[in-house]
Amino acid sequence: MAFDWAWLPLLAHGLILTIEITVTCIAFGFVLGVILALMRVYGGKWLSIPASIYIQIFRGTPLLVQLLMVYYGLPSWGISLSAFVSGVLALGLNTAAYQAEYLRGAIQAVKSGQLLAARSMGMTMPQAARYVVLPQAFRIVIPSWSNELILMLKYSSIVFSVTLLDLMGVGKRIASHNFRYFEVYVVVALFYLALVFIITQLLRLLEKKVHIPGLGEHAES
Amino acid sequence: MSLLKIVDLHKKYGNLEVLKGVSFTLEQGETKVVIGPSGTGKSTLLRCINRLSPPGAGEVWLDGVEVTDSKANINELRAEMGFVFQSFNLFSHLTALRNVRIGPIKVKGMNKDAATKLAMEELERVGLTDKVNAYPAQLSGGQQQRVSIARALAMSPKLILFDEPTSALDPELIGEVLTVMINLAKEGMTMLVVTHEMGFARAVADEIIFMENGVIVEQGTPSQMFSNPQHKRTGEFLHKINELYGESD
């Protein structure tokens with residue numbers, strides 16, 4: 001039942017690729033998610049409807065289908081992307097839809113009077129969003145955002161299907177060499193588990209660090 | 001020329017006509033108090049003046065510039081009109097000091113050091129030098145409202161609009177806010193105040209405007225309004241306020 005630790009360097013490479021893909025797609029999805037959320041909340045009909053359609057489509061179809069369309073489908077339109085770019089793009093476009101919905105909720109949770117106060121002192125709408133609403137929405141969104149990050153870390157394992165040697169891809173390759181499927185996948189799973197644990201702890205620290213003093217400590221507002 | 005001139009202001013919410021043609025002026029250094037039953041359009045009036053809520057018809061002129069002109073730079077004009085809200089509306093994620101200096105920095109482009117110095121002065125003016133680093137949630141309602149007055153003052157506005165600044169406060173906290181406002185009026189700040197604090201009105205108001213059902217029923221000096229109201233409704237309303245709020249002076 002022993003695991004052959006000679007595979008460790010290869011697994012480490014896979015681990016690094018998994019982290020790279022997750023971080024890049026989450027960051028890309030965050031930027032796009034902020035834009036989509038702002039379109040939905042403040043965009044009026046002409047911006048909020050396209051944003052809603054985008055969100056519906058990407059939340060309503062399987063991530064694997066989206067990935068395969070990007071990697072195998074786009075070349076037929078003359079767009080050939082590398083496996084890495086395809087993976088990051090598909091995962092990023094998908095998580096953007098979810099992050100947009102979490103952010104929309106967070107933006108709406110910021111007391112509307114603060115936006116009025118910002119506008120009443122002469123801030124433009126973009127200024128009010130940037131200096132008043134978003135800094136608070138970002139704090140509010142941390143718990144649901146850390147769930148999304150953990151999900152994306154685990155979902156990133158589907159990129160093995162477009163030939164990438166991420167943690168999952170490496171595991172699959174090792175297992176097909178030594179046929180020790182159980183041991184190999186247990187080790188792979190433990191790597192994911194360790195990453196999830198680290199991320200959870202880091203985000204808890206972040207949440208504490210950016211907590212607004214006094215908020216939520218007594219009932220009166 | 002009046003500092004603020006309101007001409008025949010109208011506002012509808014759906015089919016409900018909240019303002020039915022309101023006109024008055026406010027001179028430099030004057031304090032006017034707007035009173036009237038709730039749902040009468042007093043808050044709407046204030047919000048139409050700085051177009052937080054766009055008026056349906058009529059004109060608002062600030063210092064010779066038409067605020068209601070769709071081509072006017074509304075952000076520039078709003079920066080010249082302070083607004084103090086019933087529910088304070090301080091920015092929760094910023095300390096008192098940052099709440100006060102953010103306007104000068106972001107709207108007026110003032111540098112950080114100058115804005116910090118200014119914010120300290122304004123916080124001193126409202127008696128909160130010991131709370132500059134506190135967050136809104138760590139302050140009492142009265143302290144929060146004083147920070148919000150300092151925030152308005154830091155923009156060096158031509159006038160300040162107050163929308164029931166003390167009605168969300170516990171009774172024992174009202175006095176500290178009124179004291180700040182009375183001092184401001186005495187220092188010559190131009191103020192339009194929606195409030196039921198008749199003690200404040202008696203102390204500093206140049207005129208009281210009584211509104212009901214979207215129109216101005218009567219306006220006059222406090223002594224005139226209290227001792228010799230021209231309309232029956234004015235007398236009844238002032239009497240009722242006195243019963244509810246008592247004499248606070």
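Everything numeric here is computed off the predicted structure, so don't read it as measured data.
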- request: For side chain to side chain contact (heavy atoms under 4.5 Å, CB included), just list the numbers for B/Gln138 and A/Leu215, CA-CA rounded to whole Å, side-chain angles, deciding distance to a tenth of an Å, and then say yes or no.
  value: CA-CA 8 Å; B/Gln138 297 171 313; A/Leu215 214 59; over 6 Å; no
- request: Evaluate the criterion side chain to side chain contact (heavy atoms under 4.5 Å, CB included) for residue pair A/Met121 and B/Arg78; output intermediate values, then yes/no.
  value: CA-CA 6 Å; A/Met121 63 169 64; B/Arg78 280 180 185 154; over 6 Å; no
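Shown here is A/Arg139, whose CZ atom has more than 12 heavy atoms of other residues, nucleotides or ligands within 6.0 Å. Counting non-hydrogen atoms of other residues, nucleotides and ligands closer than 6.0 Å to CD of B/Glu27 gives a total above 12. Counting heavy atoms of neighbouring residues, nucleotides and ligands inside a 6.0 Å radius, atom CE of A/Met69 does not exceed 12 of them. For B/Arg98, the CZ atom is loosely surrounded, since the number of other residues' heavy atoms within 6.0 Å does not exceed 12. Under a cut-off of 6.0 angstrom, the local environment of CZ in A/Phe197 is sparse, with at most 12 non-hydrogen atoms contributed by other residues, nucleotides or ligands. A/His13 NE2: 12 or fewer foreign heavy atoms inside a 6.0 Å radius. The 12-atom threshold is exceeded at NZ of B/Lys11, counting heavy atoms of other residues, nucleotides or ligands nearer than 6.0 Å. Within 6.0 Å of CZ on A/Arg204 lie no more than 12 heavy atoms contributed by other residues, nucleotides or ligands.
A distance-only check finds a donor-acceptor pair linking the side chain of B/His93 to the backbone of A/Tyr131 [under 3.5 Å]. Of the possible polar contacts, none joining the B/Asn89 side chain to the A/Gln114 backbone as a donor-acceptor pair under 3.5 Å is found.
Nearest heavy-atom pair, B/Phe85 versus A/Ala117, reported as atom, atom and distance to 0.1 Å: CE1-CA, 3.6 Å. Contact record, B/Ala137 with A/Pro213: CB-O, 4.1 Å, taken as the closest heavy-atom pair. Nearest heavy atom pair, residue A/Val132 against residue B/Phe91, reads CG1-CD2, 3.5 Å.
In this structure, A/Ile212 CD1 and B/Thr95 OG1 are separated by 11.5 Å, a value rounded to the nearest 0.5 Å. Within the model, atoms CZ of A/Arg119 and CD1 of B/Ile74 stand 9.0 Å from one another, a figure rounded to the nearest 0.5 Å.
Looking at heavy atoms from C-beta onward, A/Gln127 lies out of side-chain contact with B/Asn75 at the 4.5 angstrom threshold.
Using a 4.5 Å cut-off between heavy atoms, B/Arg51 makes no contact with chain A at all.
Residues of residues 106-118 of chain B placed with any heavy atom under 4.5 Å of a heavy atom in chain A are listed by number as B/Lys106, B/Val107.
Highest contact tally toward chain B, considering only A/Ser112, A/Ser120, A/Ala118, is held by A/Ser120 [criterion: heavy-atom pairs under 4.5 Å]. Ranked by non-hydrogen atom pairs under 4.5 Å with chain A, the options B/Ser87, B/Ala79, B/Ser92 are led by B/Ser92.
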